[in-house]
Enquirer: 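Handing you this structure, nothing more for now.
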Amino acid sequence: MLNPNDLDREEFGDRGADNFADDSMIGSAHASAAGAMATDPAADRYGAGSSANGGGAGASAGDANVTNMMDDTSTFGFASVTSSVTRETLAGAADTRAPSQATGDVESNHTPDTTSEDSKGNNGASKAGASKKSSRRSGGGGGASSSMDKKKKDEGAAAAGGPNKRRRRLMIVGAGVLVVAAVLIAVGVTMLSGRDGGGTAAPTMTMMPTLQPTTGAPTPSPTGAPTTVRETILGDMMREVVPNLAPAAFTAGSVQHKAFGWLVDTDPLQLTPDGTPAMDSRILQRYALATLYFAAGGDSWGNKNNWLNGDECGFNGGPGWYGLGCNDVGEVRAVAFDDNNLVGELPPELSILKAVENLVIKNNPDFGGPIPLEVGSMTELRQLALYNNDHTGEIPLTIYDSLIHLVYLNLQDNGLTGELRPEVGQLASLRKLILFNNELEGPVHALHLANLDELEYLGLSGNKFSGPIAHQIGNIPGLEYLYLDNNRITGTLPSKLGLLSSLKSFNLDNNEVFGNIPTEIGNMVDLEYLSFRGNSLSGAIPTEVGTMQSLVTMNLATNFFNGELPEEIGALDNLKHLYLFQNKIEGAIPDLIGTMANLKVLFLSSNKITGFPAEVSGLSDTLTELYLSDNKISGPIPASVCDLSNLEVLFLDSNFLNGEIPDCVGANLGSLRQLYLFGNQLEGYIPQNLQRLKQLTALGLEDNEFVGDVSQGICELTNNNGVLTELWTDCGGAEPSVSCECCSTCCPGPNC
């Protein structure tokens, strides 16, 4: 299960990327494993001797108790905070609150720790409008206001249109109610006094209803009048605090309208603005989360535990909402959903959650649409991961302009279009930029990426990026992973690539790059994975590759390299996979390659190679796959091949081999699964001891000069007890040279 308080940890398979997790993002509060209890670093948040979640005080996310994220430098250092708070009586509407709301004011006698700079301005007297039934760790405002933006707090206290304006509105609304009541009574009395004495009984007066929140569906709309005083107060607050987002809440049929209706009528906490920024933020947080729920098809989520019920952070001893992580003052700090059947789009109201540092929504194929511009206003974001969804449109410019704390940006596997803007160079804190498998185009902008001194991982594979690789790519000193494969990149490889001395993995497969590999590549001494397959590179493979002692995989296949294999390759002691097929490499395999003690795969098919190395004993313990098809190797199969006792795949087809198959092949190579010898000049009988190859699934012997019968023992490998499904010999034509009762294909024939 995805831990919302943790950073996204993704493996990139053969791309060589380590799991990404930066403990500095979490500080001293490391996220616990799913299902394990974690202890909150700020213990006893409810006052002396009180705790939540069985003493762990961890915000619950589904079935996993997770640690609240706290930086080591956090200023939320409260020694003890009670849930008791002062309340402000709503002017003119003291009797209009829901029955669950307490009317008595309780003064908190606890003072925040003097180490908390934000809390000093509160003087221990934060106010809230929450009821005793739903009183929170901070009472929705007591202590929570210490986490609010100080600028907003100062403006709220000083501005003429701030809380005082709302109080005046309340007084006016209350007075208006009294005036309306008086007018109705006066009209009724007038009507009674003006009647004839006809004996008709006077109608019974109906008392004015108490203005309580309604229990049915709300009817806020641009033209409809609010149904309660509380609804009016909530609407006024939203218009004042989030004026750009508020109109949608009053548009009938919108998901925002549904969220506002929930806030007014169904929200079990029934919070009411009390004039403090803390309470405003508390209410808006719940509104933003409710909007996400309705916009993303919350009713169909795979896991929607506790959503729209109780405290979203799991304070007051109850469970929190699945997928959320909160800080110690009740602000949502992480939103994380992995493969949870989200359906719909990301609402702009999510930007109300100003404290969110980790936004991770991945593997939801029916969740997408454009990424809202408003994401750029979530300026505390350190990790933005919206991948393997169905997002479309361009990457918002606001992400580049405003998210200065962003460390991890992953938008891979979507349908994003447009260019990677030069403004990407403004993300000075960025360490990992992952945009695989979209429809992005234009230049890579190495010049601007070079401004990202912290960049470690650049993943642009599977797009439509074009143009050459600019030499400024060498000016990213900390770059460790560079993936540009499957694009439309052209030009030659700049020599400045050699400056990337920290690089561990470099993939440039399937582009249109040409020319030689610069000799400076030998400076990449930490490189473990190098793949330039499917380009138009040419010339000799530089001998400097022999200095790249960290190489584990080298793939230069499907290019136009020529000349002989440099013997220096044999000095790469850590090399496990060498892919050089479909080039123009010539000459014999250097003897030093036969001594590489860690080599597992040697793939040299479709070249002009003329011979085996004289000695291969050094490969005997590790080599499992040997591909030498379609070369110019002549002479008999060397007996030294039989020393490769762990060999599973042997391709020697389409050469000029002659003589017989050595008996040691059947005797020593018991692990073989595939043996292809077709298209040579081999002769004699097919050895019966090939029946000892019990793992064999494919045996290709056609287009040779073999004679005689395929033994019954070999045929038994093709029955229900065997695994041999492909057996090809020269058992076809008018005068077959081989007799075979069990072959899957006889040549010559239509399937050969």
Side-chain angles (χ1 to χ4, degrees), residues 510 533-534 557-558 579-584 601-609 624-637 641-642 644 647-663 665-666 669-752:
N510 302 320
R533 187 181 71 177
T558 318
Y579 303 97
L580 299 174
F581 59 88
Q582 291 184 4
N583 280 287
K584 298 180 179 181
V601 178
L602 180 59
F603 204 151
L604 303 178
S605 296
S606 300
N607 281 286
K608 299 179 180 181
I609 291 172
T624 60
E625 300 178 29
L626 177 59
Y627 303 88
L628 296 175
S629 305
D630 189 22
N631 278 290
K632 298 182 179 299
I633 302 172
S634 59
I637 298 173
V641 169
C642 297
L644 304 174
L647 208 60
E648 298 177 5
V649 177
L650 178 58
F651 282 27
L652 299 177
D653 57 278
S654 304
N655 279 286
F656 299 94
L657 297 169
N658 55 34
E660 298 182 351
I661 299 175
D663 286 340
V665 171
L669 303 183
S671 298
L672 271 181
R673 293 182 290 105
Q674 294 174 293
L675 176 59
Y676 288 149
L677 302 175
F678 62 86
N680 283 285
Q681 299 167 10
L682 297 170
E683 58 190 10
Y685 294 100
I686 298 172
Q688 292 187 20
N689 69 353
L690 292 181
Q691 69 188 37
R692 300 174 63 178
L693 304 179
K694 303 297 185 182
Q695 308 301 319
L696 204 61
T697 63
L699 177 59
L701 303 176
E702 77 277 14
D703 196 15
N704 279 289
E705 298 177 10
F706 294 118
V707 295
D709 299 335
V710 174
S711 70
Q712 185 61 35
I714 293 177
C715 281
E716 288 180 357
L717 297 178
T718 65
N719 63 26
N720 293 334
N721 296 324
V723 295
L724 184 59
T725 58
E726 295 183 25
L727 176 55
W728 297 44
T729 68
D730 293 323
C731 55
E735 298 181 0
S737 60
V738 175
S739 175
C740 181
E741 298 178 354
C742 58
C743 288
S744 60
T745 304
C746 286
C747 296
N751 296 322
C752 295

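When reading the values below, keep in mind they use all heavy atoms of this one structure, side chains included, and skip hydrogens, waters and symmetry mates. Along the sequence shown, the residues carry numbers beginning at 1.
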Enquirer: Would you mind telling me which of Val738, Ile714, Asn704, Thr745 makes a side chain to side chain contact (heavy atoms under 4.5 Å, CB included) with Thr729?
Expert: Val738
Enquirer: Is the Tyr627 ring parallel, tilted or perpendicular to the Phe651 ring (thresholds 30°, 60°)?
Expert: perpendicular
Enquirer: Using 0.5 Å steps for rounding, measure from the CD atom of Gln691 to the SG atom of Cys715.
Expert: 10.5 Å
Enquirer: Could you check whether any side-chain N or O of Asn680 sits under 3.5 Å from a backbone N or O of Leu652, counting only pairs where one atom can act as donor and the other as acceptor?
Expert: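 A pair under 3.5 Å: yes.
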Enquirer: Should the heavy atoms of other residues, nucleotides or ligands under 6.0 Å from CD of Gln688 be counted, would the total exceed 12?
Expert: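 Incorrect, the count does not exceed 12.
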Enquirer: Taking the side chain as every heavy atom from C-beta outward, state whether Thr718 and Thr725 have any atom pair closer than 4.5 Å.
Expert: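 When only atoms from C-beta onward are counted, Thr725 and Thr718 do not touch, as no gap falls below 4.5 Å.
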Enquirer: Donor-acceptor check, side chain of Asn631 to backbone of Leu604, threshold 3.5 angstrom: yes or no?
Expert: yes
Enquirer: So among Asn655, Leu699, Ile661, which one has a side chain to side chain contact (heavy atoms under 4.5 Å, CB included) with Leu677?
Expert: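 The option that passes is Ile661.
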Enquirer: Quick one: are the Cys752 and Cys747 sulfurs under 2.5 Å apart?
Expert: yes
Enquirer: Side chains of Phe581 and Thr558: closer than 4.5 Å at any heavy-atom pair?
Expert: yes
Enquirer: Any chance you could measure Asn658, atom CG, to Gln681, atom CD, to the nearest 0.5 Å?
Expert: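 Taking CG in Asn658 and CD in Gln681, the distance rounds to 6.5 Å.
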Enquirer: Taking the side chain as everything from C-beta on, heavy atoms only, tell me whether Thr697 gets closer than 4.5 Å to Leu724.
Expert: no
Enquirer: With side chains defined as the heavy atoms from C-beta onward, is the minimum distance between Pro636 and Leu657 less than 4.5 Å?
Expert: no
Enquirer: Glu702 versus Tyr676: any side-chain heavy-atom pair under 4.5 Å?
Expert: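 Not touching, per the 4.5 Å side-chain cut-off.
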Enquirer: Keeping the roles fixed (side chain from Asp653, backbone from Phe678), state whether a donor-acceptor pair exists under 3.5 Å.
Expert: no
Enquirer: Using only atom types and a distance under 3.5 Å, with no angle test, would you say the side chain of Ser744 pairs donor to acceptor with the backbone of Leu727?
Expert: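 Yes, the answer is positive, given that a donor and an acceptor are paired below the 3.5 Å cut-off.
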Enquirer: Check whether any side-chain heavy atom of Val601 sits under 4.5 Å from a side-chain heavy atom of Val649, and report yes or no.
Expert: no
Enquirer: When you measure from the side chain of Asn607 to the backbone of Lys584, do you find a donor-acceptor pair of N or O atoms at a distance under 3.5 Å?
Expert: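 It does hold such a pair.
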Enquirer: Could you walk me through whether Ile633 and Leu628 pass the side chain to side chain contact (heavy atoms under 4.5 Å, CB included) test, one step at a time?
Expert: CA-CA 8 Å; Ile633 302 172; Leu628 296 175; 4.0 Å; yes
Enquirer: Assess the residue pair Leu626 and Leu644 against the criterion (side chain to side chain contact (heavy atoms under 4.5 Å, CB included)); give the C-alpha distance rounded to whole Å, side-chain angles, the decisive distance to 0.1 Å, and a yes or no.
Expert: CA-CA 10 Å; Leu626 177 59; Leu644 304 174; 4.2 Å; yes
Enquirer: Nearest 0.5 Å, please: how far is CD in Gln695 from CD in Gln674?
Expert: 12.5 Å
Enquirer: Quick check for you: to the nearest 0.5 Å, what is the distance between Arg673 atom CZ and Glu625 atom CD?
Expert: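 Spacing of CZ (Arg673) from CD (Glu625) equals 6.5 Å.
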Enquirer: How long is the gap from CG on Leu693 to CG on Leu672, to the nearest 0.5 Å?
Expert: 5.5 Å
Enquirer: Taking atom types as modelled, is there a side-chain donor on Ser606 or Asp630 under 3.5 Å from an acceptor on the other?
Expert: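 A donor-acceptor contact under 3.5 Å links the two side chains.
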Enquirer: I'd like to know if the side chain of Ser605 and the backbone of Ser629 have a donor-acceptor N/O pair within less than 3.5 Å.
Expert: yes
Enquirer: Check for a donor-acceptor pair, side chain of Asp730 on one end and backbone N or O of Pro748 on the other, with a separation under 3.5 Å.
Expert: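 It does not hold such a pair.
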Enquirer: Is there a side-chain contact between Val665 and Cys642 in this structure, where contact means two heavy atoms from C-beta onward sitting under 4.5 Å apart?
Expert: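 Result yes, sub-4.5 Å side-chain heavy-atom pair found.
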Enquirer: Considering only the SG atoms, does Cys743 lie under 2.5 Å from Cys746?
Expert: no
Enquirer: Rounded to the nearest 0.5 Å, how far apart are CG of Asp703 and OG of Ser654?
Expert: 8.0 Å
Enquirer: Could you give me the CA-CA distance, side-chain angles and deciding distance for Val710 and Leu701, then say whether side chain to side chain contact (heavy atoms under 4.5 Å, CB included) is met?
Expert: CA-CA 11 Å; Val710 174; Leu701 303 176; over 6 Å; no
Enquirer: Test your reading of the model: is there a side-chain donor-acceptor pair from Ser737 to the backbone of Phe706, 3.5 Å cut-off?
Expert: yes
